[in-house]
Trainee: 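Can you read through this structure? Questions will come right after.
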There are 2 protein chains.
Amino acid sequence: MDDISSILKEKGLKVTPQRLAIINMLKNTKEHPSAETIYKTLSSDFPTMSLATVYKTLEMLKSIGLVQELNVGEGSFRYDANVNSHPHLICYGCNRVDDLYDSALDDLLGRVSKYTDYLLMDQKLYFYGYCPDCKKKVTNHDHP
Amino acid sequence: MDDISSILKEKGLKVTPQRLAIINMLKNTKEHPSAETIYKTLSSDFPTMSLATVYKTLEMLKSIGLVQELNVGEGSFRYDANVNSHPHLICYGCNRVDDLYDSALDDLLGRVSKYTDYLLMDQKLYFYGYCPDCKKKVTNHDHP
DNA sequence: ACATTTCAAAAAATGATTGACAGCATAAAA
DNA sequence: TTTTATGCTGTCAATCATTTTTTGAAATGT
Ligand SMILES: [Mn+2]
Ligand SMILES: [Mn+2]
Ligand SMILES: [Zn+2]
Ligand SMILES: [Zn+2]
């Protein structure tokens, strides 16, 4: 009946509590969590779920296009249930990852295409700095 | 006498053949090689140099601002002796990484700053698609 | 000469991710 | 309903890029 369940069923994939928990968590957060964070967050409700299951589920969700993987430059990936390719902001201070809404970037791919012989299909845009909270605490800094 | 040697000396770092070879290779290529590629390329001239030395040297060159590390979304990093933060093109077909020269992206950071409360300091812009060579071979494709 | 520092190589450790495999749950087939 | 097949989970080991530690040689200082 619910949206995700039927998508999984259509693809011949089993609907399990672990899978629903992971995709629902991603749909209900703006925090772009890592696999580890997902695992820790869900471990109170699913104490027996293993980290490998989180990884395998994320791999599966990626492959059917329900989540995207973000590489913000840490040692591990972040995950996002918003699969549109949209720009992100990363805070040097607290490592949070936020979405960026900016019409200045609309049709960037189209504009860039005029400057290259590549056939462009996607873009990954990351902006680094200090979030509003961390900005206050910063006096003088270079970026790392 | 030579530029890199004096920079290293000024910082109190020793000038070794291995270090010079690595930085010179990076200065003379547009290929954005990985540590592994650097290691393999130099191993004919330096058969005893270990991969750990390449990593350690890259770490050192990064810390004194002579190279930057690129995370193009592979499992490993690419290195670039051009330390300005400039956009890159990545080919889905052959994994080459090229520089992108595009005045459409000038002052992007300044323009984006108006749309966010972050204090922005840096950006990483990656554009994905098919390079001129691979474009020919592509008939119909989704991006991976 | 002796002590101190710096280096490179080798070996070991790390941390994120993946793979192999056994048992379980569900569902199709008989 | 019983059997059979298949997918999924958890355990645990393996992998891979990278980092750290150890060791000994070479360079530098006294
Ligand atoms: Mn996002
Ligand atoms: Mn470059
Ligand atoms: Zn912050
Ligand atoms: Zn190509």
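Chain letters run A, B, ... following the sequence lines, proteins first and then strands; every chain starts at 1. Values reported hereafter were calculated over all heavy atoms of this structure, with side chains retained and with hydrogens, waters and symmetry mates removed. Just so we're clear, the structure is a prediction, and the values are computed from it rather than from any experiment.
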Trainee: Tell me: CD of A:E36 to C1' of C:dT14, nearest whole Å?
Mentor: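 Atom-to-atom, A:E36 to C:dT14, this comes out as 14 Å.
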
Trainee: In whole Å, I'd like the distance from the CD atom of A:E59 to the C1' atom of D:dC8.
Mentor: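 So the CD-C1' distance, A:E59 to D:dC8, works out to 15 Å.
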
Trainee: Would you say a side-chain N or O of A:Y55 is under 4.0 Å from OP1 or OP2 of C:dT18?
Mentor: no

Trainee: Is there a side-chain contact between B:T16 and the phosphate of C:dA8, meaning an N or O under 4.0 Å from OP1 or OP2?
Mentor: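 Answer yes for this pair, as a side-chain N or O of B:T16 is under 4.0 Å from OP1 or OP2.
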
Trainee: Mind calculating the distance between CZ (B:R19) and C1' (C:dA8) to the nearest angstrom?
Mentor: 9 Å

Trainee: Starting from the 5' end of DNA chain C, give me the residue, B:A52 or B:P17, whose nearest nucleotide shows up first.
Mentor: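 Result of the comparison: B:P17.
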
Trainee: So does A:T53 get a side-chain nitrogen or oxygen closer than 4.0 Å to the phosphate oxygens (OP1/OP2) of D:dT9?
Mentor: no

Trainee: Whole Å only: how far is the CG atom of B:N71 from the C1' atom of D:dT18?
Mentor: 13 Å

Trainee: Nearest 0.5 Å, what's the OG1-OH distance between A:T57 and A:Y79?
Mentor: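 Between A:T57 OG1 and A:Y79 OH, I get 11.0 Å after rounding to 0.5 Å.
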
Trainee: Starting at CG of A:L70, measure out to CG of A:D80 and round the result to the nearest 0.5 Å.
Mentor: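 If I round to the nearest 0.5 Å, the distance is 5.0 Å.
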
Trainee: Measuring from B:D102:CG to B:H86:NE2, what's the distance to the nearest 0.5 Å?
Mentor: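 Taking CG in B:D102 and NE2 in B:H86, the distance rounds to 13.0 Å.
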
Trainee: Relative to the 5' end of DNA chain C, which residue comes earlier, B:M49 or A:A35, by the nucleotide with the nearest heavy atom?
Mentor: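 Its nearest nucleotide lies further toward 5', so the answer is B:M49.
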
Trainee: Please tell me which of the listed nucleotides, C:dT17, C:dT6, D:dT11, lies nearest to the side chain of B:K14?
Mentor: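 Nearest listed nucleotide: C:dT6.
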
Trainee: Within this structure, what is the CG-to-P distance between A:L58 and D:dT9, rounded to whole angstrom?
Mentor: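 Rounded to the whole Å, the gap is 12 Å.
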
Trainee: Rounded to whole angstrom units, what separation is found between the NZ atom of A:K56 and the P atom of C:dG19?
Mentor: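 Value for this atom pair: 9 Å.
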
Trainee: Rounded to the nearest 0.5 Å, how far does CE of B:M49 lie from OH of B:Y39?
Mentor: 8.0 Å

Trainee: Which part of the nucleic acid, if any, lies within reach of B:Q18 when heavy atoms closer than 4.0 Å are counted: base, sugar-phosphate only, or nothing?
Mentor: sugar-phosphate

Trainee: To the nearest Å, how far apart are B:Y39 OH and D:dT18 C1'?
Mentor: 15 Å

Trainee: From CG of B:L13 over to P of C:dA8, roughly how many Å is that when rounded to an integer?
Mentor: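 B:L13 atom CG is separated from C:dA8 atom P by 10 Å.
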
Trainee: Under 4.0 angstrom, heavy atoms only, what part of the nucleic acid is A:S34 near: base, sugar-phosphate, or nothing?
Mentor: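 No contact.
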
Trainee: From the options C:dA9, D:dG10, C:dA8, select the nucleotide whose nearest atom is closest to the side chain of A:T48.
Mentor: D:dG10

Trainee: Cationic tip of B:K135 within the cone over A:Y118's six-membered ring, i.e. under 6.0 Å and within 45° of the normal?
Mentor: no

